[in-house]
Amino acid sequence: MNGTFRVITRRTALPAGASLVLLLVPSCAHVKVDPIEVKPIHIVHDINIRVDRQLDDFFAFQEKMAGSTQPSTTQAAPAQTAQAKPANGVNP
Amino acid sequence: MNITRRNIIVSLLVLVVPAVSHASTKEELQKRFKERDPKLVELKQAGTIGETYQGYVELVDERSKDKDAKAIVDEENADRKELYKVIADKEGTSADVVAERNAKRVFEKAKPGEYLKGADGKWKKKEAAK
C-alpha cells in the first residue's frame with residue numbers, strides 16, 4: 001500500500017510540479033507592451049470631422065440653390081403621367 | 001504738433017487699411033461663391049470643367065479656348081484657396097487637408113455625367129449610382 005502510494009505520488013508529483021512551474025512562469029514573466037498610441041488617430045479624425053462640418057455649413061447654399069431648381073422638374077412629372085393615363089374604358 | 005498728429009493718423013491708416021482689405025471674410029467669400037455657382041454648375045454639367053482630387057476645378061480640355069470658363073475656373077480656385085486657408089487656420093490644420101476633404105465632399109455630391117479627375121490624373125465621368 002505504501003509502495004503504491006509512493007509510485008502514485010511520484011507519478012502525480014512530476015506532472016503536478018511541471019504544471020505548477022508552467023503556471024508560475026507566466027506570472028513571474030514581465031512582459032513589456034509598448035503603449036498603443038490612439039491619440040493622434042483620434043485627433044486626425046476629429047479635425048476631419050470639424051473640417052467637414054465647416055465645409056458643409058459654408059456650402060449649404062449649394063443644396064438650397066439646387067433644391068430651388070428641382071421642384072420645376074418634379075412638378076412637371078405628374079402632369080405628364082396624367083396625360084399619359086388613358087381615360088376609363090378607352091384603350092390605347 | 002499738427003504734423004505729429006497727421007503723421008500718427010497716416011501711419012495708423014497705412015498699418016490698418018492693408019490688414020483689413022487683404023483677406024476676404026468668410027461672408028465675402030460665400031457671396032462670391034453664391035454668385036458664381038449657377039455658371040459653375042452649368043459648366044460642370046456641360047462637361048467643360050470638372051473637379052479634381054486636390055479640391056480645385058479645372059478645364060477638362062486644357063486646350064479649350066473658352067475664355068469665360070477659364071476665368072470662372074481661375075476665380076473659383078482663387079476663392080477656394082482663400083477659403084481653405086481660413087478654415088485651416090480656424091481648425092489648426094493645413095490648407096491641403098481642407099482641400100482634400102472638400103475634394104472628397106464634391107466627389108460624393110457630383111451628379112452623374114460630371115467629370116472628376118482622380119489621383120491618376122485622368123478624367124472620368126461620374127456614373128449613376130446603381
Side-chain angles (χ1 to χ4, degrees), chain A residues 23-92, chain B residues 23-45 49 51 53-57 72 76-77 79-114 126:
Chain A
L23 279 169
L24 289 172
V25 165
S27 65
C28 294
H30 179 72
V31 181
K32 195 181 174 185
V33 180
D34 287 334
I36 303 161
E37 288 189 25
V38 180
K39 216 176 172 183
I41 300 165
H42 274 290
I43 291 166
V44 169
H45 188 63
D46 196 37
I47 285 173
N48 286 348
I49 288 171
R50 290 205 317 258
V51 167
D52 288 352
R53 200 176 298 149
Q54 289 267 341
L55 288 165
D56 283 340
D57 288 348
F58 186 88
F59 289 109
F61 70 87
Q62 287 178 333
E63 306 257 328
K64 283 177 193 166
M65 285 172 94
S68 66
T69 55
Q70 271 178 354
S72 60
T73 53
T74 48
Q75 277 171 2
Q80 280 180 342
T81 50
Q83 281 175 351
K85 194 179 175 182
N88 283 345
V90 179
N91 290 322
Chain B
S24 305
T25 62
K26 244 178 158 184
E27 287 73 25
E28 286 167 342
L29 279 169
Q30 197 173 48
K31 193 177 169 235
R32 295 207 290 265
F33 276 110
K34 266 185 194 174
E35 284 167 359
R36 211 169 30 239
D37 194 62
K39 186 70 185 163
L40 200 78
V41 170
E42 193 187 308
L43 289 168
K44 276 188 194 176
Q45 286 172 351
I49 66 167
E51 291 283 348
Y53 79 104
Q54 290 113 323
Y56 294 94
V57 283
I72 289 279
E76 177 75 9
N77 286 341
D79 282 345
R80 281 194 191 188
K81 196 174 180 181
E82 214 169 322
L83 175 71
Y84 296 157
K85 199 184 174 308
V86 169
I87 295 175
D89 288 348
K90 195 181 175 189
E91 298 301 338
T93 187
S94 69
D96 286 345
V97 168
V98 182
E100 195 184 293
R101 298 305 298 174
N102 193 41
K104 191 179 175 286
R105 194 186 68 87
V106 291
F107 270 45
E108 282 168 7
K109 288 184 188 285
K111 293 189 178 85
E114 288 183 6
K126 184 162 179 178

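What you see is a predicted model, and the numbers here were worked out from it, not measured in a lab. Per chain, numbering begins at 1; letters A, B, ... match sequence-line order.
- Closest non-hydrogen pair, A/L55 versus B/V98, comes out as CD1-O, 3.9 Å.
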Given the rule in the ring pair (Phe, Tyr, Trp, His ring centres under 6.0 Å) test, do A/F58 and B/F33 qualify, once you have shown the distances and angles that lead to the verdict? CA-CA 10 Å; A/F58 186 88; B/F33 276 110; 5.5 Å; yes

Does B/L83 form a side chain to side chain contact (heavy atoms under 4.5 Å, CB included) with A/F59? I'd like the steps, not just the answer. CA-CA 11 Å; B/L83 175 71; A/F59 289 109; 3.7 Å; yes

Polar contacts chain A-chain B (donor-acceptor, d < 3.5 Å, no H, no angle):
from  : atom 1 : to     : atom 2 : distance (Å)
A/R50 : NE     : B/E91  : OE1    : 2.5
A/R50 : NH2    : B/E91  : O      : 3.4
A/R50 : NH2    : B/E91  : OE1    : 3.3
A/D52 : OD1    : B/R101 : NE     : 3.0
A/D52 : OD2    : B/R101 : NH2    : 2.7
A/Q54 : OE1    : B/K26  : NZ     : 2.7
A/Q54 : NE2    : B/E91  : OE2    : 3.0
A/F58 : O      : B/Q30  : NE2    : 2.7
A/Q62 : NE2    : B/D37  : OD1    : 3.4
A/E63 : OE2    : B/K109 : NZ     : 2.8

